[in-house]
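Sequence positions, counted from 1, serve as the residue numbers for this chain. We use all heavy atoms of the structure for the numbers below, so side chains are in, but hydrogens, waters and symmetry mates are not.
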Amino acid sequence: MSLSGKDPHVVGRVVGDVVDPFTRLISLKVTYGQRQVTNGLDLRSSQVVNKPMVEIGGFDLRNFYTLVMVDLDVPSPSNPYLREYLHWLVTDIPATTGTAFGNEMVCYENPCPTSGIHRLVLIMFRQLGRQTVYAPEWRQRFNTREFAENYNLGLPLAAVFFNCQRQNGCGGRRS
């Protein structure tokens, strides 16, 4: 929770724009280089060129998880008519490990917004079993809610989002 007591996923409109309200039930640690991603962190496109290190919690290695990374503001925050854009999809991640131990179904594509400040969200779901989630046919207009429904993933167990803009971008977010 933030200092104001409001859920940062609600404040950042991740809940609503991409997922329904959920309760965090597992730890999710995302690190780009030396920077751990916290909700609302500002990163430039040059800082997210390489895929992040992702570590997840849990207790039972027989549980498997799916990580989805999407851009909510494509092509621009003021007109996101191509929402969502799938940047990364990793399945079959065993509990207590990370994406390095999972199956990269859609390879990491670094965010490089051309207009405005984009929200990038990484969302963790629990799978019903191993090899039960498959890659979508395309990255554009990906729908996290439909994807979760199609594969019986339920509500997210964890999520974290950051803001990203091009290297020479300036200015703040427009509502």
Side-chain angles (χ1 to χ4, degrees), residues 1-43 47-73 83-111 118-133 135-136 139 142-149 151-164:
M1 292 289 198
S2 64
L3 293 175
S4 66
K6 299 270 188 198
D7 182 338
H9 296 109
V10 173
V11 174
R13 295 194 320 271
V14 170
V15 168
D17 283 354
V18 68
V19 294
D20 294 323
F22 68 96
T23 301
R24 190 181 118 186
L25 298 175
I26 193 170
S27 62
L28 173 62
K29 181 180 177 186
V30 178
T31 310
Y32 278 101
Q34 301 300 313
R35 296 202 63 183
Q36 184 174 341
V37 175
T38 54
N39 288 311
L41 179 69
D42 290 315
L43 293 171
Q47 296 173 293
V48 295
V49 170
N50 300 312
K51 65 182 159 190
M53 186 168 90
V54 177
E55 300 168 69
I56 64 169
F59 304 101
D60 190 339
L61 286 168
R62 294 171 296 182
N63 289 335
F64 294 93
Y65 298 89
T66 293
L67 179 81
V68 172
M69 178 178 171
V70 292
D71 184 335
L72 307 184
D73 298 310
R83 174 181 297 159
E84 304 154 34
Y85 186 86
L86 180 64
H87 279 275
W88 198 24
L89 175 65
V90 184
T91 65
D92 299 331
I93 307 165
T96 76
T97 68
T99 50
F101 294 90
N103 183 8
E104 192 175 60
M105 301 295 280
V106 176
C107 65
Y108 180 79
E109 183 178 308
N110 62 302
H118 290 223
R119 293 166 296 157
L120 279 292
V121 60
L122 293 99
I123 307 161
M124 184 68 60
F125 294 96
R126 182 173 168 197
Q127 297 172 206
L128 290 178
R130 208 160 173 237
Q131 297 180 348
T132 57
V133 178
R139 292 176 185 260
F142 180 80
N143 186 307
T144 300
R145 277 188 187 95
E146 284 181 13
F147 179 79
E149 192 175 301
Y151 293 108
N152 297 304
L153 299 175
L155 290 173
L157 300 183
V160 65
F161 77 97
F162 63 93
N163 298 313
C164 186

What's the separation between atom [atom1] in [X] and atom [atom2] in [Y], rounded to the nearest 0.5 Å?
X      : Y      : atom1 : atom2 : result
Leu155 : Thr23  : CG    : OG1   : 8.0 Å
Glu109 : Leu89  : CD    : CG    : 13.5 Å
Glu84  : Arg139 : CD    : CZ    : 14.0 Å
Leu120 : Tyr85  : CG    : OH    : 11.5 Å

Any side-chain heavy-atom pair of [X] and [Y] under 4.5 Å:
X     : Y      : value
Thr97 : Glu55  : no
Asn50 : Asn110 : no
Leu67 : Leu28  : yes
Pro94 : Asn63  : no
Leu43 : Leu41  : yes
Phe22 : Val15  : yes

Identify the two heavy atoms, one from [X] and one from [Y], that lie closest to each other, and give their separation to 0.1 Å.
X      : Y      : result
Lys29  : Thr31  : CE-OG1, 3.9 Å
Val30  : Pro52  : CG1-CB, 3.7 Å
Val133 : Met105 : O-CE, 3.6 Å
Glu104 : Trp88  : OE2-NE1, 2.7 Å
Val48  : Cys164 : CG2-SG, 4.0 Å
Pro111 : Met69  : CG-CE, 3.8 Å

Val121 pairs by side chain to side chain contact (heavy atoms under 4.5 Å, CB included) with which of Leu72, Asn39, Thr144, Asp17?
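So the option named by the test is Leu72.
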Between [X] and [Y] (side chain of the first, backbone of the second, donor and acceptor by atom type, cut-off under 3.5 Å), is there such a pair?
X     : Y      : answer
Thr96 : Gly58  : no
Asp92 : Gln131 : yes
His87 : Val70  : no

Might you work through the side chain to side chain donor-acceptor pair (under 3.5 Å) test for Arg119 and Asn163, ending with a clear yes or no?
CA-CA 5 Å; Arg119 293 166 296 157; Asn163 298 313; 5.9 Å; no
Please evaluate residues Thr66 and Gln127 with respect to the criterion side chain to side chain donor-acceptor pair (under 3.5 Å), reporting the C-alpha separation (whole Å), side-chain torsions for both, the decisive distance (0.1 Å), and the verdict.
CA-CA 7 Å; Thr66 293; Gln127 297 172 206; 2.8 Å; yes
Are Tyr32 and Phe162 an aromatic pair, judged by ring center distance below 6.0 Å?
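Judged by ring-centre distance (under 6.0 Å), Phe162 and Tyr32 do meet the cut-off.
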Centre-to-centre under 6.0 Å for Phe125 and Tyr65, is that the case here?
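No: the rings miss the under 6.0 Å criterion.
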Could you tell me whether Asp71 and Arg83 have a side-chain N and a carboxylate O separated by less than 4.0 Å?
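Not counted as a salt bridge, because no side-chain N and carboxylate O are separated by less than 4.0 Å.
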Derivation and outcome, side chain to side chain contact (heavy atoms under 4.5 Å, CB included), residues Ile123 and Val18
CA-CA 10 Å; Ile123 307 161; Val18 68; 4.2 Å; yes
More than 12 heavy atoms of other groups within 6.0 Å of Arg145 CZ:
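Yes, the 6.0 Å shell around CZ holds more than 12 heavy atoms from other groups.
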Heavy atoms from other residues, nucleotides or ligands near CD of Glu149 exceed 12 (cutoff 6.0 Å)
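No, because the 6.0 Å sphere around CD of Glu149 holds 12 heavy atoms or fewer from other groups.
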Verify side chain to side chain contact (heavy atoms under 4.5 Å, CB included) between Val37 and Phe161, making sure each step is shown before the conclusion.
CA-CA 7 Å; Val37 175; Phe161 77 97; over 6 Å; no
